[in-house]
Novice: 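I am attaching a structure below and will ask some questions about it afterwards.
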Amino acid sequence: MSDEINYKSNPLHGTSLKKLLTEIVDHYGFEILFAYLKLNCFKTNPSIDSSIKFLKKTPWACEKVESFYLYQYKNLPRASNEQFELSPRDRVIPEGQMPGEPKELSLEDAKQLNDKRTKKAAEYNKGSNNHSSGRPQRNKSYSTQQPSSSDEDNDDPWTKWQ
C-alpha cells in the first residue's frame, strides 16, 4: 500500500514518455530543450517520435528529461539528497507540494547556465588532477608483455589479450 501512495505522489506516475515530451515540447520547443539539456535528439531533425526512440534506448537521457519535466516544467522544489539519488520516476514528492506553473526559460538563461556549468567543471577538473590537458588520465592497467605461463593456464580468454 505504501508503494501505491509513493507512486501517486509523483507527477510522473501514469504519465507516458510521449505525453511528457509532448507537453514540454509544446510549451518550450525543441530549441529551448536542446539549450538546457544538450541532447542531440532535440537539435538534429527533432521530432517527438525520434526523441522518444532515443530516450527509450538511453536511460540517462530519459532521466535527464524526466528531471527537467519535474523541476522546470512542473516547477517542483529541488529533491532532497536522498530522493535525488533515485530515478525521477521513483522519487516521492512530499505531501502538500503541488506542481506549479512552468518556469519561464530563455536561450539567454540557458547560455548563462551552460557557462556556469562549464566554469564549475573546469574548476573541478583543475582541482581533481594535475594533468596539463585537464582530462583525467586513463588507467593503463593492461600489459603489453607476453602472458606468463601462469596466465596461459587460466581459462579466461581476456587474460591473453594485449
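All of these numbers come straight from a predicted model, not from anything done at the bench.
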Novice: To the nearest 0.5 angstrom, please state how far the CZ atom of Phe42 sits from the OG atom of Ser50.
Specialist: 9.0 Å

Novice: Does the Lys NZ or Arg CZ of Arg78 fall within the cation-pi geometry relative to Tyr71 - under 6.0 Å from the ring centre and within 45° of the axis?
Specialist: no

Novice: Any side-chain to backbone donor/acceptor pair from Asn114 onto Ala35? Under 3.5 Å, distance only.
Specialist: yes

Novice: Between NZ of Lys53 and SG of Cys41, what distance do you get to the nearest 0.5 Å?
Specialist: 12.5 Å

Novice: How long is the gap from CD on Glu63 to CG on Asp90, to the nearest 0.5 Å?
Specialist: 8.5 Å

Novice: Can you name the residues that form a ring-ring contact (aromatic ring centres under 6.0 Å, His included) with Tyr69, not counting sequence neighbours?
Specialist: Tyr73

Novice: Would you give the length of the straight line joining atom NZ of Lys38 to atom NZ of Lys43, rounded to the nearest 0.5 angstrom?
Specialist: 7.5 Å

Novice: Tell me whether Asn75 contacts the main-chain N or O of Glu101 through its side chain, where contact means a donor paired with an acceptor under 3.5 Å.
Specialist: yes

Novice: Stepwise, does the side-chain hydrogen bond (donor to acceptor under 3.5 Å, both in side chains) test hold for Asp109 with Ser106?
Specialist: CA-CA 5 Å; Asp109 292 339; Ser106 69; 3.2 Å; yes

Novice: Name each donor-acceptor pair under 3.5 Å that joins a side chain in residues 26-33 to protein atoms two or more places apart or in another chain, with its distance.
Specialist:
| unit_1 | atom_1 | unit_2 | atom_2 | d |
| --- | --- | --- | --- | --- |
| Tyr28 | OH | Lys103 | N | 3.4 |
| Tyr28 | OH | Lys103 | O | 2.7 |

Novice: What is the minimum heavy-atom distance between Phe54 and Leu39, and which atoms define it?
Specialist: CE2-CD2, 4.5 Å

Novice: Which atom names give the shortest non-hydrogen contact between Pro11 and Thr15, and what distance separates them?
Specialist: O-OG1, 3.1 Å

Novice: Just by distance, do the side chain of Gln83 and the backbone of Ile93 share a donor-acceptor pair under 3.5 Å?
Specialist: no

Novice: In the structure I gave you, are the side-chain heavy atoms of Gln97 and Pro77 within less than 4.5 Å of one another anywhere?
Specialist: yes

Novice: With a 4.5 Å cut-off on side-chain heavy-atom distances among I, L, V, M, F, W and Y, is there a chain of contacts connecting Phe34 to Leu113?
Specialist: yes

Novice: Is a side-chain N or O of Arg89 found less than 3.5 angstrom from the main chain of His13, in a donor-acceptor match?
Specialist: no

Novice: Return the NZ to SG distance between Lys57 and Cys62, rounded to the nearest 0.5 Å.
Specialist: 14.0 Å

Novice: What's the spacing between Leu12 CG and Leu70 CG if we round to 0.5 Å?
Specialist: 4.0 Å

Novice: Partners of Lys18 by side-chain contact (heavy atoms from CB on, under 4.5 Å), sequence neighbours excluded?
Specialist: Ser16, Thr22, Ile48, Asp49, Ile52

Novice: Taking Phe84 as the starting point, is it possible to reach Leu86 by hopping between hydrophobic residues whose side chains are less than 4.5 Å apart?
Specialist: no

Novice: Is Asp115 paired with Lys119 through a side-chain N to carboxylate O contact shorter than 4.0 Å?
Specialist: no

Novice: Given Glu23 and Lys19, is the side-chain contact (heavy atoms from CB on, under 4.5 Å) satisfied, shown in steps?
Specialist: CA-CA 6 Å; Glu23 284 183 46; Lys19 181 181 177 190; 3.4 Å; yes

